[in-house]
Structures are given as structure tokens and as C-alpha cells.
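Accompanying notes for the structure given below.
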Amino acid sequence: MSTFKQKTVLITGGASGIGRIMSRLALERGAEVVILDVNAAGIEQTVGEFSAIGKIAGYAVDVSDYEQVEQTLGRVRSEVGAIDILINNAGVVTGNFFHLHTRKDIDRNMCINAMAPMYITNLLLGEMLERDSGHICNIASMAGMISNPRMSVYAASKWAVVGWSDSLRLEMKQLRKQVKITTILPYYIDTGMFAGVKSLVPILKPERTARQIIRAIERNRIFFGMPWTYNFVRSMEGLLPVRLFDLIVGKWMGIYGAMEHFTGRK
């Protein structure tokens, strides 16, 4: 039986980008899907379109607001039921030098990217532990392992996700619980969130990326970086002196300059 068949899947940021695609893929695999998103119009469109595939419900919520999240998950629990698979996907980015960030920019990035996955997981994990089953997939970023200019707060939020997510995996292992944790580390994805980015390393296609994430959950992958060159870059970071790594990755591969023409989603 498929990992998703007859399971209830909750996806944050499920009304756009790869979240929307993963919602469709989960439905196609026989799951019931719940999407959380701040975009009410996007939720309505997604639910309306995908209802022909399977059972899907959507809730408009600001995932960075703990009280809203707690209230919404209470509704999900009573209207849909328990969540079997959680995909923490919602994210934002402010592509600018750190000294040009406002406090609002900092709070928004950290709360949506780092705090929200912890809030939602904290509210759902107890039921998974009681059932001794479940799967939590946290969408981090390559920026959560490799520093990058004009992404300092975004990188900080994703480093937080990586550290928390894998620590959570180890806790489940120590507690001998069958709650699986998968941490995803993709490169830039062509969804509009990183519009304007220019890179020698190919920017990821949304459909293929979403499929790879779903397969990573099905295969119970622990860490999954995309594209495959992620492993090469990470190896270089561990082996090379910092200045040489900066030269190769930053100048020769152009990764440190990828955000120079960033415009983002409007």
C-alpha cells in the first residue's frame, strides 16, 4: 500500500507553488488532503480544481500566528480528523542585504519559515506519538546548510529548520517511536518566490521537485538535497579551506551572486 493511500495529509502553503503540486500528488495517491495557506482566493481555487481528484479541504490561516494555528488545527481535528502526514512547506524570503532588512522583515522570515513548522508540529505531534505512527516532512533549503549573500535572515531561518528537524528525528529514535522525520534541502525552485535569480546551477522545476519530495516521504529519506550536486558542494565545504570554498562556489560557480537580480513574487 502507498504511504499516502487512505492517509490524511496536511500541507502548509498548499495553495501555490510546490505545495499546490504536492496537494495534487497526494490526492492522486489516495490521500485526503488539508491545505493551510494565507491566500484565501488561492485556497478556493485549489480546492475547487482538485476536488475532482479526491477529498480536499482548505483553511485560511497565518501560520506564523500561534493562536490562529491552534484554533485552525482544532477545526481540522473536528471537521477532518487526525493528521497522518505533515508537510511543513510554507515559506517567504526577503532578498536583500541584512542592513536593509526591517524588523518586520526579520520577524516575518523567522516566524513563517522557522517558528511556524515548530508551532504546527508541536500541536500535532502528541497525537502521532499516541498512535505511534506518522510522518513529518520539513521543507528547508540548501541555504540552511550553505551561507549566501542577500539571504542572511532566510538562511538563518532555514538553518534553524535543519537543526530542529533532524534533532526531532533523533528524539523519535531515542523514544523508539515510529514517527518518521524527513528534511528536504532544495536549491532555488522556479515558482516565482525566487523570481530574478540567475544561476549556473540549474534552477529546479516545480513539478519534478514536488514529485521528488513525495517520493522522499514514501522512501522515508532522512535528508534529501536537490539537485544531486548538493552533495558535491557540501563535501567541498567540509574539505576545503573557507577562502578556497568561497572562491570556487562564490565566484567560479556564481552561487554567491545568484540573488543580485532577485525580484521575488509580487
Should Ile189 and Ile18 count as side-chain neighbours, where that means a heavy-atom distance under 4.5 Å?
-> yes
Heavy-atom side-chain proximity of Gln174 to Leu170 below 4.5 angstrom | no
What distance do Glu237 atom CD and Leu244 atom CG have between them, rounded to the nearest 0.5 Å?
-> 12.5 Å
Would you say Tyr187 and Ile146 are hydrophobically clustered, going by side-chain heavy atoms of ILVMFWY under 4.5 Å?
-> yes
What's the shortest heavy-atom distance between Leu185 and Met142, and which atoms?
-> O-CG, 3.6 Å
If only atom types and distance count, is the side chain of Asp166 paired as donor or acceptor with the main-chain N or O of Val162 below 3.5 Å?
-> no
Around Arg215, counting heavy atoms of other residues, nucleotides and ligands shown, do more than 12 lie under 6.0 Å from its CZ?
-> yes
Within residues 44-69 or reaching into it, pairs that qualify as ring pair (Phe, Tyr, Trp, His ring centres under 6.0 Å) - sequence neighbours excluded | Tyr66-Tyr119
Are Met259 and Val153 connected in the hydrophobic side-chain network, where two residues link if heavy atoms are under 4.5 Å apart?
-> no
For the student: nearest non-hydrogen atoms of Val201 and Met253, plus distance = CG2-CE, 4.0 Å
Residues Ser165, Ile181; criterion side-chain contact (heavy atoms from CB on, under 4.5 Å); working and verdict | CA-CA 7 Å; Ser165 182; Ile181 311 294; 3.5 Å; yes
Criterion salt bridge (Lys or Arg N to Asp or Glu O under 4.0 Å) on Glu207 and Arg24, from CA distance to verdict = CA-CA 11 Å; Glu207 178 76 25; Arg24 189 196 80 231; 2.6 Å; yes
Shared hydrophobic cluster, Trp252 / Tyr256 (ILVMFWY, side-chain heavy atoms < 4.5 Å) = yes
In chain order, what residues pass the ring-ring contact (aromatic ring centres under 6.0 Å, His included) check against Tyr154, with sequence neighbours excluded?
-> Phe194
Thr12 side chain to Ala90 main-chain N or O, any donor-acceptor pair under 3.5 Å?
-> yes
In this structure, are over 12 heavy atoms from other groups packed under 6.0 Å from Glu127 atom CD?
-> yes
Starting at CD of Glu260, measure out to NZ of Lys198 and round the result to the nearest 0.5 Å.
-> 11.0 Å
Hey, any chance Ile11 and Ile120 share a hydrophobic cluster, counting ILVMFWY side chains that come within less than 4.5 Å of each other, even indirectly?
-> no
Would you check if the side chain of Trp159 reaches a backbone N or O of Ala143 as a donor-acceptor pair within less than 3.5 Å?
-> yes
Answer yes if the side chains of Thr46 and Arg20 hold a donor-acceptor pair under 3.5 Å, and no otherwise.
-> yes
Which heavy atom of Ser16 sits nearest a heavy atom of Asp37, and at what distance?
-> N-OD2, 4.2 Å
Between Asn148 (side chain) and Met151 (backbone), is there a donor-acceptor pair under 3.5 Å?
-> no
Validation row: Cys137, Ile85 side chains within 4.5 angstrom (heavy atoms) = no
Which atom of Ile43 lies closest to which atom of Ala15, heavy atoms considered = N-CB, 3.6 Å
Between Thr72 and Val61, what is the shortest heavy-atom contact and its length?
-> OG1-CG2, 3.5 Å
Do the non-hydrogen side-chain atoms of Ile21 and Leu25 ever get within less than 4.5 Å of each other?
-> yes
Counting distance only, does the side-chain N/O of Lys180 pair as donor-acceptor with the main-chain N or O of Arg221 below 3.5 Å?
-> no
Is a side-chain donor or acceptor of Asn113 paired with a backbone partner of Ser157 at a separation under 3.5 angstrom?
-> no
Can you tell if the side chain of Asp84 reaches within under 4.5 Å of the side chain of Arg131, non-hydrogen atoms only?
-> yes
Do Ile53 and Glu28 come close enough that some side-chain heavy atom pair is under 4.5 Å?
-> yes
Donor-acceptor pair, side chain of Asp132 and main chain of Gln178, under 3.5 angstrom | yes
Under the side-chain contact (heavy atoms from CB on, under 4.5 Å) rule, what do Arg169 and Ile222 come out as? Steps first, then yes or no, please.
-> CA-CA 8 Å; Arg169 176 186 68 84; Ile222 295 173; 3.3 Å; yes
If you measure from CD1 on Ile112 to OG on Ser64, what distance do you get to the nearest 0.5 Å?
-> 5.0 Å
Let me see the working for Glu218 and Ile214 under side-chain contact (heavy atoms from CB on, under 4.5 Å), right down to the final yes or no.
-> CA-CA 6 Å; Glu218 291 175 326; Ile214 294 296; 4.2 Å; yes
Hey, could you give me the OG1/NE2 distance between Thr182 and His135, rounded to the nearest 0.5 Å?
-> 3.0 Å
When you look at CZ of Arg29, are more than 12 heavy atoms from neighbouring residues, nucleotides or ligands closer to it than 6.0 Å?
-> yes
For Asp62, does its backbone N or O pair with a side-chain atom of Gln68 as donor and acceptor, under 3.5 Å?
-> yes
Quick one: do Leu125 and Leu36 end up in the same hydrophobic cluster if we chain Ile, Leu, Val, Met, Phe, Trp and Tyr together by side-chain heavy atoms under 4.5 Å apart?
-> yes
Where do Ser152 and His101 come nearest, in terms of heavy atoms and distance?
-> OG-CE1, 4.4 Å
Distance in Å, Ile184 CD1 paired with Phe223 CZ, rounded so as to fall on 0.5 Å steps | 10.0 Å
Between Glu67 and Gln71, does a side-chain contact (heavy atoms from CB on, under 4.5 Å) hold up when you go through it step by step?
-> CA-CA 6 Å; Glu67 284 71 28; Gln71 183 180 25; over 6 Å; no
Backbone of Ile136 reached by a side-chain donor or acceptor of Asn88 within 3.5 Å = no
Donor-acceptor pair, Ser199 side chain versus Pro202 backbone, under 3.5 Å?
-> no
With a 4.5 Å limit on heavy-atom distance, are the side chains of Leu129 and Met172 in contact?
-> yes
Flag side-chain contact, heavy atom, 4.5 Å: Ile217 against Phe4 | yes
Run the side chain to side chain donor-acceptor pair (under 3.5 Å) check on Asn96 and Thr94 step by step: do they pass?
-> CA-CA 6 Å; Asn96 216 336; Thr94 302; over 6 Å; no
Thr209 OG1 to Met22 CE distance, which is reported to the nearest 0.5 Å | 9.5 Å
